[in-house]
Undergrad: 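Below is the structure I would like to discuss, written out as structure tokens.
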Amino acid sequence: MKINDLLPAFITRHVLFALIFGGVCGIGFILFLIEFDHYTSTEEFCTSCHSMELAAEPYRNSTHYKPESGVRASCGDCHVSEGVLSATWDHFMGSKDLYKQMFGPDYDDPVVNALHLPEAAFDARKWFKKRDSATCKKCHVKEAIYGDRPDTLQIHMEDAKDKTCIECHYNLVHRKIPDEKTFKQDKWNAMIEEEFGLEKGSAKKILGH
Amino acid sequence: MSRSKQTLFFLLAFSLFILLGQSVSAAKVTLDPSSWGVEEGKACVDCHAKSSSGLTHQWKNSAHAQANVNCLDCHQAYEDDDDAMEHEGSVIATIVSPKDCGRCHETEFKQQEGSVHAKAVSIIKNRMPALTEHFGSLSINDAGCAKCHGSEVKVKGDGTLDPTTWPNTGIGRINPDGSKGSCSSCHGRHQFSKAQAREPSACTHCHSGPDSPDKDVYESSKHGMMFEAHKSEMNMDSDAWVVGKDYSAAPTCVTCHMGAAGKMKSTHDVGMRDSWNLNEAVSTQQYLVIFDDGDKRELSTSDPVPRRGESVSKIDGSMGKVKAVASPKRRRGAMTKTCLECHSKNFANNAMLQFDNVVELYNEKYGKPAQAIMQELYAESLLTPLPFDEPLEITYWSLWHNGGTRARHGAAMASPSNTWKGMSDVGRLFYGQFLTQLREVAGPEKSEALIKQYVKDSEHHEWLNHPEKSNPILGYGKMGYGKGSSNEN
């Protein structure tokens, strides 16, 4: 019996080859995406841009980098969604950062970086909120947050029942930035100017306002 | 009546009105109760009872909780406030400033705003660095000086409070909203207790130690002794706290400096009843100048008397229009009013006379000569302008700032042991160190001229001119005072 006898008439030999080839390519592409997403989520990849090294500095002193448990969360664990499609989409959207890195302000300059940091933080917080803190929940389970004090679990089960992680837990990992509601650009600028010993008012010029 | 006498009469009458013409009961909150108990703030305690149960417990036991004043009523902030921050969906501030408290407690806010307490930073701002930075460092300022005087709270660009300036409950704290002071200095946070603020410990938390020895002074006075013995009879929790009516076992610091007595109302302007300045090298009597915006300052009687409507500089350097002036005599009158609830007029006046005599003795015998000598040494460049780099400067400082303050405060508050200890410290420093170091600094000729002019020619130091007179106090000689007696040795 020939293989052709088992298949409908429209599956010709060419179609079969095309299907097998396409299938293999498809699997290969998915595997590639998985690997690609995996690699592009690593700290090593992210910090290959110098500007990200500046964001990574405070991260390396945070409990997410040095947890008692030894379970380290790397960049992508928090900032890239789970699932190959979502992860790829996040990376695709994230490529705007790459575009800005190449054609936008000089984020590698610590001053420029610090001045623009609040915008990035506000965007990131919105991203977490929109996804109901999905990446936090990959590791953290509200019902299992026992903490050091007896009331920690109770607070999470009762008072934070309808809240999502990011609503309370921001400023955990990166440089502390106030909530957008109470953020004051001029005060932020003044702080950065003082920190880097810059002339008063120079931050505004750097930001191009 | 001449015009100036008429003006003076008016000023006195007006000051009397300000000081005495208020009703007896404590100031009531006049704000409509719908202004507090904000809906958004009702849930805060659900979480805080778990996360910070201590402070929540304090609040639950407070008069605030009973009146339905919740966390957000005091802690709410506007988004554009410097120290505003987002917290669980609300915009709040950590610091509750006198201005925040004054939303309901308007009278107390206004009284404290003009008081010397509120200016505890502003008054010494220029002088303090010499002491803190030469003897310590900025960290001493943050953890020591500023804890009582107050810090200038700085809000960083990221909305956090500069950790060198906060936490702080110094009485003259300069708050991010520009208001001065800290109600929690005396009342504590969250329980916000009247009783706590009436305790002497509320004051002696800061008014103790070498340069403000009022803890020692009060505790060793008859007043402090009675307080200790009759603490339970003090009715400290009472809403109204009029001496002689709501309590009579003993006076605390609050009784005399702030308390209600007879028709005189209580006040949160703590220095109002003080006629002397006892914390300077030389004490002077002080006018209390009241500006038309309610702000106040003190002026020495050695300055010209400011007139009503005149422009006078305020503590912060800006100019203010004088509304009224309370004379030292009037201020003393207010202080003495409290005494009369327990003592006769003569008793009170005589006690004040004994106090005044000690201040004048200190001034004439030590304060003025030492000050004059120091001024001449600076003028003739025998001392560098830099404070505390020469031993004589440290001696001079200890003389008036430590010993001199103890003697004068001891006399003010009837502590015989501190009056004597202070004055004997001053004498020991003056004769034992100051004059010796003066000789080293100025050389034999100049120092002898200065000592003759300011010391030996003064009746207070006349005894130095009779080295032949003996006395058995040091184990040598006999009672040598009186003519010829020294020859018997």
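Order of the sequence lines sets the chain letters (A, B, ...), proteins ahead of strands, with each chain counted from 1.
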Undergrad: Which of the residues B/Glu88, B/Glu86, B/His87 is involved in the greatest number of heavy-atom pairs with chain A at under 4.5 angstrom?
TA: B/Glu86
Undergrad: Could you report the tightest heavy-atom contact between A/Pro178 and B/Gly157, atom names first, then the distance?
TA: CG-O, 4.5 Å
Undergrad: Among A/Glu180, A/Glu194, A/Lys176, which residue forms the greatest number of heavy-atom pairs with chain B at distances under 4.5 Å?
TA: A/Lys176
Undergrad: Between B/Asp81 and chain A, with a heavy-atom cut-off of 4.5 Å, which part of the residue counts as in contact: side chain, backbone, both or neither?
TA: backbone
Undergrad: Roughly how far apart are B/His48 NE2 and A/Asp159 CG, rounded to 0.5 Å?
TA: 9.5 Å
Undergrad: Crowded around A/Lys100 NZ? As in, over 12 foreign heavy atoms under 6.0 Å?
TA: no
Undergrad: For A/Lys142, does the NZ atom have more than 12 heavy-atom neighbours from other residues, nucleotides or ligands under 6.0 Å away?
TA: yes
Undergrad: Is there a side-chain contact between A/Thr182 and B/Val91 (heavy atoms, below 4.5 Å)?
TA: yes
Undergrad: Take atom NZ in B/Lys125; do more than 12 heavy atoms of anything else shown fall under 6.0 Å from it?
TA: no
Undergrad: Given the options B/Ser53, B/Ala43, B/Ala84, which has more heavy-atom pairs under 4.5 Å with chain A than any of the others?
TA: B/Ala84
Undergrad: How long is the span from the SG atom in B/Cys47 to the CD atom in A/Gln154, to the nearest 0.5 Å?
TA: 9.5 Å
Undergrad: Is chain B contacted by the side chain of A/Glu195, its backbone, both, or neither, given a heavy-atom distance below 4.5 Å?
TA: neither
Undergrad: What do you reckon, is NZ of A/Lys129 surrounded by more than 12 foreign heavy atoms closer than 6.0 Å?
TA: no
Undergrad: Using a 6.0 Å cut-off, check whether atom NE2 of B/His134 has over 12 heavy atoms from anything other than its own residue.
TA: yes
Undergrad: Return the CG to NZ distance between B/Asp158 and A/Lys187, rounded to the nearest 0.5 Å.
TA: 12.5 Å
Undergrad: Within a 6.0 Å radius of atom CZ on B/Phe135, are there more than 12 heavy atoms belonging to other residues, nucleotides or ligands?
TA: yes
Undergrad: Determine the minimum heavy-atom distance between A/Arg149 and B/Lys50, stating which atoms define it.
TA: NH2-O, 3.7 Å
Undergrad: Quick check for you: to the nearest 0.5 Å, what is the distance between A/Met191 atom CE and B/Asp162 atom CG?
TA: 11.5 Å
Undergrad: Around A/Lys130, counting heavy atoms of other residues, nucleotides and ligands shown, do more than 12 lie under 6.0 Å from its NZ?
TA: no
Undergrad: Under 3.5 Å, side chain of A/Lys184 to main-chain N/O of B/Gly159, donor-acceptor pair present?
TA: no
Undergrad: Supply the atom-to-atom distance A/Trp188 CH2 to B/Lys156 NZ, rounded to the nearest 0.5 angstrom.
TA: 10.0 Å
Undergrad: Taking side chain as C-beta onward, heavy atoms only, is B/Ser51 less than 4.5 Å from A/Asp151?
TA: no
